[in-house]
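Following: one structure in structure tokens, then a few remarks.
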Amino acid sequence: MIKTELLAPAGDMSCLRAALSAGADAVYLGGQRFGARAFAGNFSDEELAEAIKLAHFFDKKVYLTVNTLTKDVELEQLIPWLTPFYEAGLDGLIIQDLGVLERCRKAFPGLLLHASTQMTVTEATAARFLKELGVSRVVPARELSLEEIITIKQETGMELETFIHGALCYSYSGQCLFSSLLGGRSGNRGRCAQPCRLPYTIAESGERTEKKKNGRAQQYPLSLKDLCTLPLLPRLLEAGIDSLKIEGRMKSPEYVAGVTAIYRKYIDLYEKDPDGWQVEKKDLDFLSHLYVRSELSGGYYEKHNGKEMVTLTKPGYAGAAETVLEEIRQKYLQNGLTRKVNLTIWLKEGEPAKLRAVCGGNTAEREGMAVMPALKKPLSREDVEKQLRKTGGSCFAPDQIAINMEGAVFLPVSALNELRRQTLDLLADQMTEGYRRIYSPRLQTPEPEKKAEKTTEKAAEKTAEIAAEITAEVPGLYVSALYTKQALEAVKSPEVERVYLSADAVLEPADREELLNAVRMRKAEKPDFSFWLMLPAILRSYSRPYFERLMEWIGKEDHETLADGLMAGSLSGLLWAKSAGWTKGLSLQHSAYVFNRETLDFFMRHFSLDSYTMPLELNRKEGQALPGENMEMTVYGRIPMMVSANCVRKTSGECRISHTQKSLSEGLPVRGFRFFLKDRYQAEFPVLINCRHCMNTIYNSVPLSLHQYLGEIRKCSVRAVRLDFTDESAADAGKIIRFFAGEEGQGPTSYTTGHYKKGVQ
């Protein structure tokens, strides 16, 4: 039976020691850069190297989080920053950005690469693809059921790491822009401000007027209870999950030690005696008093979603009883972190003092100062043993000490201490030497040195810029629509060159034939016009029947010429299309995050994209640094702030559907924008209720609109600007199309420019 890894968080060196002391098999931690917990203590470069050595001294592993989206300008600094840690023996990297994955795969042979939960891996096809790329482990989305996790394991053989304890996000990790749009602190860049823990009112669209009596109270509908899987532990172990992960890189050493110790205890008990395994109530009580939000829940392992997963009234941590914290300190934090060592010393007059240290099959010997005859008080065995036991700071604890001493001899205490220190240092180096590597950079053609600019060269550049502005091709106008009637308005608009329609909408019979006839007429008038379908941002195993139905519909003789391409919102969408034999166009939604050229090259190489969408968190300069000939840029539309497996409708008590994989695969309808969330400042965030995929999308309270920058954008080399319609009526969609086409009307009066000017840190 393969031993399951217990993986603990380490926000700083004290948490690292706490995790190791409490029985973690491995720790995950972040450095000063590229990590998704920018506000944790994190490790300096020197501390990180020390942490790797310390963990290896105890035969434990260290995984470094490089799980943020990385901009082009940062990507060049990644490999030089990681190289010392690779050489120190770092065991693995936890990665979100596919461009980072590509760079690290090429640069660091032998280094384990783990796909972060921020990569939003939700089904087996994506996991298998990552395995083929050299990824050794996937941390799947926390929203998956245990059944789905088992399916991924069985179909791919991939190592899986899943969360077993700690805080849960309301949104699929990697699919949240809430903090980013509201406060400029991006969760994708490690700076989440946790707006999900703030109060909101859930209301139906008909409740916007003041006629509604007894208004709903503000609660915390986006604040999930903390995860605790201790009662489920046997099922997780039997499922073959390779690594059980505790959340908490921003938590205290007491939290890390306490939670790790409890799970260590019960993992060991199950491996020793599965039939007699049971959880003691005192241990569950212990966990429930250790920094939790109101109550604990089993998360999504056995439940698809529900009100009982949400901590509606108490979003903040309750802290922990001082008696509990003191118990943890005494047991795990104050006794030191040590390994037993056996010491043998030889002290013979006229010969160098010699000390041998043995630990875990490793042996080290050093010689020191020559032993002198005792002129006054000779060394006693008690004196020698006392000095040899002073191993504080070395992580060694002497077990057996053998003293070979002849006659009345003398050695200064300082010499004895120095001999002990040198010998134990040598032993520690030997015990960690096998982890170290040598970095061998691939040969690269050096870039030519840039000559100093002259005034004439600057003038020439300026002239070229002006010429480019005059001759630049005006970007095309594309439209995406959630609803058929919105798409119909776009198809009828002669200025629109491409229309994307939600694949959910095209499978609904309402107004479909009118739209398809309009598409046929438009194509006959203008052959360059194209009609595409948008796949959902999240695809899970139960979405297969939906996707197969879609492919069957497209494949019908009278439809196959209508759909010119598919827009995917994820790696899964691209892979499903490819595996279905799709040979037409593929486009990429902003939710797949092309933050740098390496990522774009990756997608182009594997999928030959027709186009991709500029990420909504890049500013204008960062977006312009990416190749524009295939880029679409969103210039209007409500930005999706969260994509969630949970449901505000169900939390409000308005839903009675018991979702199962069977009911989801049969295809329930899309409920639309029946609900919205109202925050403390009365801003209203529309919620798209999609029962077919049992998924909520929470949109921003006002649309993005870059109409005042259209002149500037038209001078850029983007392929097209795009209008994204969500809850707009067909009439409003038509007005917005005409305005952005320069025909008539005024722009939106209430809007945001998003990150176009400033971007995110």
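Hydrogens, waters and symmetry mates play no part in the numbers below; they use all other heavy atoms, side chains included.
- The aromatic ring centroids of F396 and F57 lie less than 6.0 Å from each other.
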For this session: Apply the test side-chain contact (heavy atoms from CB on, under 4.5 Å) to residues V256 and V27: give CA-CA distance (whole Å), side-chain angles for both, the deciding distance (0.1 Å), then the verdict.
Result: CA-CA 10 Å; V256 172; V27 293; over 6 Å; no
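- Salt-bridge check for D425 with R421: passed, with a basic side-chain N closer than 4.0 Å to an acidic carboxylate O.
- One distance of note links OG of S591 with CG of L177; it measures 9.5 Å at 0.5 Å rounding.
- The CG atom of L98 lies 8.0 Å from the CG atom of L133; values are rounded to the nearest 0.5 Å.
- Look at R329 and E322 and you find a salt bridge, because one of the NZ, NE, NH1 or NH2 atoms lies within 4.0 Å of a carboxylate O, short of that distance.
- T156 places a side-chain N or O within 3.5 Å of a backbone atom of I152 that can act as its donor or acceptor partner.
- Side-chain contact between L146 and T162 is absent, with no heavy-atom pair separated by less than 4.5 Å.
- Contact check for K153 versus I241: no side-chain heavy atoms found under the 4.5 Å cut-off.
- Smallest separation of non-hydrogen atoms from H56 and G89: CE1-O, 2.8 Å.
- The aromatic rings of Y439 and F108 sit tilted relative to each other, their planes meeting at an angle between 30° and 60°.
- Using modelled atom types, no side-chain atom of D399 and backbone atom of K340 make a donor-acceptor pair closer than 3.5 Å.
- E50 has no carboxylate O lying under 4.0 Å from a charged side-chain N of K53, or vice versa, which leaves the two without a salt bridge.
- Annotation: R436, atom CZ; neighbour count of heavy atoms from other residues, nucleotides and ligands within 6.0 Å is above 12.
- Proximity of a side-chain donor or acceptor of R437 to a complementary backbone N or O of L90 within less than 3.5 Å is detected.
- Taking 4.5 Å as the limit, some side-chain heavy atom of T120 sits within range of a side-chain heavy atom of T122.
- Considering all non-hydrogen atoms of both residues, L618 and K71 come closest at CD2-CG, 4.3 Å.
- The shortest side-chain heavy-atom distance between P9 and Y28 falls under the 4.5 Å cut-off.
- By the 4.5 Å heavy-atom criterion applied to side chains, V594 and F602 are not counted as neighbours.
- In this structure, the side chain of T599 engages the main chain of G99 through a donor-acceptor pair within 3.5 Å.
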For this session: Evaluate the side-chain contact (heavy atoms from CB on, under 4.5 Å) criterion for residues V341 and T391: first the C-alpha distance (whole Å), next the side-chain angles of each, then the deciding distance (0.1 Å), finally the verdict.
Result: CA-CA 10 Å; V341 62; T391 57; 5.7 Å; no
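- Note that the SG atom of C15 and the CG atom of L333 stand 9.0 Å from one another [nearest 0.5 Å].
- For the residue pair Y63/H114, the side-chain donor-acceptor check at 3.5 Å is not satisfied.
- D226 places no side-chain N or O within 3.5 Å of a backbone atom of L296 that could act as its donor or acceptor partner.
- A distance of 6.0 Å separates CD1 of I267 from CG of L237, quoted to the nearest 0.5 Å.
- Within the 4.5 Å cutoff, the side chain of M158 has heavy atoms near those of the L160 side chain.
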Problem set entry | Stepwise salt bridge (Lys or Arg N to Asp or Glu O under 4.0 Å) check, K272 with D268 | CA-CA 6 Å; K272 182 179 180 181; D268 292 346; over 6 Å; no
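- Remark: the backbone N or O of N188 is paired with a side-chain donor or acceptor of S186 at under 3.5 angstrom.
- Between C169 and S173, the closest heavy-atom pair is SG-OG, 4.5 Å.
- Residues D45 and P84 have side chains not in contact (no heavy-atom distance under 4.5 Å, counting atoms from C-beta outward).
- Salt-bridge annotation for R103 and D97: absent, with no side-chain N of the basic residue lying under 4.0 Å from a carboxylate O of the acidic one.
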Exercise. Can you check salt bridge (Lys or Arg N to Asp or Glu O under 4.0 Å) on D91 and K60, steps first, answer last?
Worked result: CA-CA 9 Å; D91 296 282; K60 310 298 183 182; over 6 Å; no
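- Taking every heavy atom of both residues into account, A126 and L575 meet most closely at CA-CD1, 3.6 Å.
- Electrostatic pairing of R235 and E147 does not count as a salt bridge here, judged by no charged N lying under 4.0 Å from a carboxylate O.
- The closest donor-acceptor contact from the side chain of R17 to the backbone of L337 lies at 3.5 Å or more, if one exists at all.
- Without hydrogens or angle criteria, W277 side chain to Y266 main chain gives a donor-acceptor distance under 3.5 Å.
- Using a 4.5 Å heavy-atom threshold, the side chains of T4 and L236 count as separate.
- Between E617 and R189, none of the side-chain N atoms (NZ, or NE/NH1/NH2) sits under 4.0 Å from a carboxylate O, so this pair counts as no salt bridge.
- No more than 12 heavy atoms of other residues, nucleotides or ligands sit less than 6.0 Å from atom NZ of K61.
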For this session: Would you please test N596 and E74 for side-chain contact (heavy atoms from CB on, under 4.5 Å) and show each step?
Result: CA-CA 9 Å; N596 52 68; E74 300 164 332; over 6 Å; no
Problem set entry | Residues I262, F286; criterion side-chain contact (heavy atoms from CB on, under 4.5 Å); working and verdict | CA-CA 9 Å; I262 292 293; F286 179 87; 3.8 Å; yes
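- Annotation for A257 and I328: closest pair CB-CG2, 3.7 Å, computed over non-hydrogen atoms.
- How far SG of C395 is from CZ of F58: 4.5 Å, rounded to the nearest 0.5 Å.
- At a threshold of 4.0 Å, the pair D242-R137 does not count as salt-bridged, since none of the basic side-chain nitrogens sits closer than that to a carboxylate oxygen.
- Remark: side-chain polar atoms of Q32 are paired, donor with acceptor, to backbone N or O of F43 under 3.5 angstrom.
- With respect to the salt-bridge test (charged N to carboxylate O, under 4.0 angstrom), the residues R540 and E143 do not qualify.
- Annotation: the span from L224 atom CG to S644 atom OG amounts to 7.0 Å, rounded to 0.5 Å.
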For this session: For salt bridge (Lys or Arg N to Asp or Glu O under 4.0 Å), just list the numbers for R142 and E247, CA-CA rounded to whole Å, side-chain angles, deciding distance to a tenth of an Å, and then say yes or no.
Result: CA-CA 11 Å; R142 285 176 280 191; E247 181 275 338; over 6 Å; no
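- Closest non-hydrogen pair, S180 versus V760, comes out as OG-CG1, 3.5 Å.
- In terms of modelled atom types and a separation under 3.5 Å, the side chain of Y301 and the main chain of I164 share no donor-acceptor contact.
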